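Below is one structure; the comments refer to it alone.
Residue numbers begin at 1 in each chain, while the letters A, B, ... track the order of the sequences. Being a predicted model, the structure only gives us computed values, none of them experimental.
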Amino acid sequence: MPSPPEARVIGPGFHGRVTDVVRLVPPGSVVTYGDVGRLLGSAHIARQVGWALAACAPDVPWHRVVNARGELTSPSASEQRVRLAAEGVEFDDQGRVLLRRHRWQP
DNA sequence: GGCTTGACTAATG
DNA sequence: TCATTAGCCAAGC
């Protein structure tokens, strides 16, 4: 039977799973790569989450995904910060997102 | 079929 | 709080 169990969330459609979760993040909120990976079933795929977002569709709010420290580690961190600020997300003096305040919890 | 890279995380000092 | 180390997984060559 070619039907894989739900347990195996990671598969050939891994990229689609990542973008699907990121689309659930509401404006003004952010999530970490680890959170997205955890929703997919494994918190150890944080790197793959970033890799998947690198090739995500233009309608995916990739800018709402930051690392566990609230830092913007995307290739377009500058633009990412502008987008987040436009949604009401606040940053500290170190340029990190206030996860305590804007972290999205499903 | 195997090795390297990468938008990371958690643990330790 | 910061720096360093080890681990994990998927895609590309």
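The nearest whole Å value for the distance from the CH2 atom in A:W51 to the P atom in B:dA7 is 12 Å. The separation between A:H15 atom NE2 and B:dG6 atom C1' is 15 Å, rounded to whole Å. For the pair A:Y33 OH and B:dT9 C1', the computed distance is 13 Å after rounding to whole Å. One interatomic measurement links the two molecules: CD1 of A:I45 to P of B:dA10, which rounds to 13 Å at whole-angstrom precision. Between the CG atom of A:L99 and the P atom of C:dT1 there is a distance of 13 Å, rounded to whole Å. Put simply, CZ on A:R17 is 14 Å from P on C:dA11, counting in whole angstrom units.
The phosphate of C:dA3 has neither OP1 nor OP2 within less than 4.0 Å of any side-chain N or O from A:R69. Listed pair A:R38 / B:dA10 meets the phosphate criterion, a side-chain N or O lying under 4.0 Å from OP1 or OP2. For the pair A:Q48 and C:dG7, the criterion of a side-chain N or O lying under 4.0 Å from OP1 or OP2 is not met.
Using a 4.5 Å cut-off on side-chain heavy atoms (C-beta onward), A:Q48 and A:H15 make no contact.
Judged by distance alone, with hydrogens and angles left aside, the side-chain atoms of A:T32 form a donor-acceptor pair with the main-chain N or O of A:D35 at under 3.5 Å. Between the side chain of A:S74 and the backbone N or O of A:A77 there is at least one donor-acceptor pair closer than 3.5 Å. A:H102 contributes a side-chain N or O that, together with a main-chain N or O of A:E90, makes up a donor-acceptor pair within less than 3.5 Å.
Closest to the side chain of A:H44, from the set C:dA11, B:dA7, C:dC8, is C:dC8. Each of B:dT9, B:dA7, C:dA10 was ranked by its minimum atom distance to the side chain of A:F14; first place goes to C:dA10. Considering only the side chain of A:Q94, C:dC2 comes nearest among C:dC2, B:dA7, C:dC9. Proximity note for A:T32 (side chain, C-beta onward) versus B:dA7, B:dA10, B:dT9: the nearest is B:dT9. Listed nucleotides: C:dC8, B:dA7, B:dT9. Nearest to the side chain of A:S74: B:dA7.
A:A68 comes within contact range of the sugar-phosphate backbone alone, with a heavy-atom separation under 4.0 Å but no base atom that close. If you check every strand for non-hydrogen atoms under 4.0 Å, A:R96 touches sugar and phosphate atoms only.
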Listed pairs under 3.5 Å, donor-acceptor, residues 20-31 of chain A side chains, sequence neighbours left out:
residue: A:R23; atom: NE; partner: A:D59; partner atom: OD2; Å: 3.4
residue: A:R23; atom: NH2; partner: A:D59; partner atom: OD2; Å: 3.2

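Taking all atoms of both residues into account, the shortest heavy-atom contact from A:R69 to A:L99 is C-CD1, 3.9 Å.
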Nucleotide pairing, DNA chain C (Watson-Crick or G-U, distances under 3.5 Å), in dot-bracket with [ ] and |: .||||||.|||||

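Within a 6.0 Å radius of CZ in A:R83, more than 12 heavy atoms belonging to other residues, nucleotides or ligands are found.
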